[in-house]
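This report concerns only the one structure given below.
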Amino acid sequence: MDDGSPQLLRFEVLGPLRAWRNGAPLELGPVKRQAVLAALLLRQGAVVSHEWLLDAVWGEEPPAGGHKVLPTHVNSLRRVLDPEGTPPAETRRSP
């Protein structure tokens with residue numbers, strides 16, 4: 001339940017990638033999903049293209065279905081990182 005107070009997210013990127021919301025550990029999922037998050041964290045505040053993110057995570061050999069796989073990872077990360085009860089439309093807002 002959201003009481004309106006801000007929820008603090010904390011990330012550790014040196015060593016294993018880990019995240020917490022208000023001190024509670026978050027399950028970030030499989031390694032490739034964590035790689036997507038790490039790439040985004042390292043470009044914090046920057047707009048990145050779909051192609052840039054594919055290249056950052058998979059290099060010169062992206063998966064054949066990369067244009068479908070990447071949104072799956074991003075949507076899964078949104079579900080983990082957004083406060084509980086955040087409607088899907090709100091996760092796509094631009095700052």
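Along the sequence shown, residues carry numbers from 1. We use all heavy atoms of the structure for the numbers below, so side chains are in, but hydrogens, waters and symmetry mates are not.
- Between atom CG of residue Leu77 and atom CD of residue Gln34 there is a gap of 9.0 Å, rounded to the nearest 0.5 Å.
- Proximity of Leu28 to Arg33: side-chain heavy atoms (C-beta onward) are nowhere separated by under 4.5 Å.
- Distance alone, capped at 3.5 Å, is enough to place a donor-acceptor pair between the Asn75 side chain and the Pro71 backbone.
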**Message:** Set out, in order, the CA-CA distance, both residues' side-chain angles and the distance that settles side-chain contact (heavy atoms from CB on, under 4.5 Å) for His50 and Leu70, then state yes or no.
**Reply:** CA-CA 8 Å; His50 193 108; Leu70 188 54; 3.7 Å; yes

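- When the side chains of ILVMFWY residues are joined at heavy-atom separations under 4.5 Å, either directly or via intervening members, Leu40 and Trp20 end up in two distinct hydrophobic clusters.
- By the neighbour-count criterion of 12 heavy atoms within 6.0 Å, atom CD of Glu12 is densely surrounded, having more than that number from other residues, nucleotides or ligands.
- Val74 and Val48 fall within the same hydrophobic cluster, where Ile, Leu, Val, Met, Phe, Trp and Tyr residues are linked whenever their side-chain heavy atoms come under 4.5 Å apart, directly or through other members.
- With hydrogens and angles disregarded, no donor-acceptor distance shorter than 3.5 Å links the side chain of Arg10 to the backbone of Asn22.
- The closest side-chain heavy-atom distance from Leu54 to Val69 is not below 4.5 Å.
- Residue Trp52 comes nearest to Ser49 through the heavy atom pair N-OG, 2.9 Å, listed as atom of the first residue, atom of the second, then distance.
- Val57 approaches Ala39 most closely through the heavy-atom pair CG2-CB, 4.4 Å.
- Between His73 and Val36, the shortest heavy-atom distance links the atoms CB-CG2, 4.1 Å.
- Residues Arg21 and Leu8 fail the side-chain proximity criterion, which asks for heavy atoms closer than 4.5 Å.
- Considering only heavy atoms from C-beta on, Leu17 comes within 4.5 Å of Leu41 through its side chain.
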**Message:** Working note: Leu81 + Leu37, criterion side-chain contact (heavy atoms from CB on, under 4.5 Å); need CA distance, chi angles, decisive distance, verdict.
**Reply:** CA-CA 10 Å; Leu81 299 175; Leu37 176 58; 3.9 Å; yes

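- Here CG of Leu26 is found 7.5 Å from CZ of Phe11. Values are rounded to the nearest 0.5 Å.
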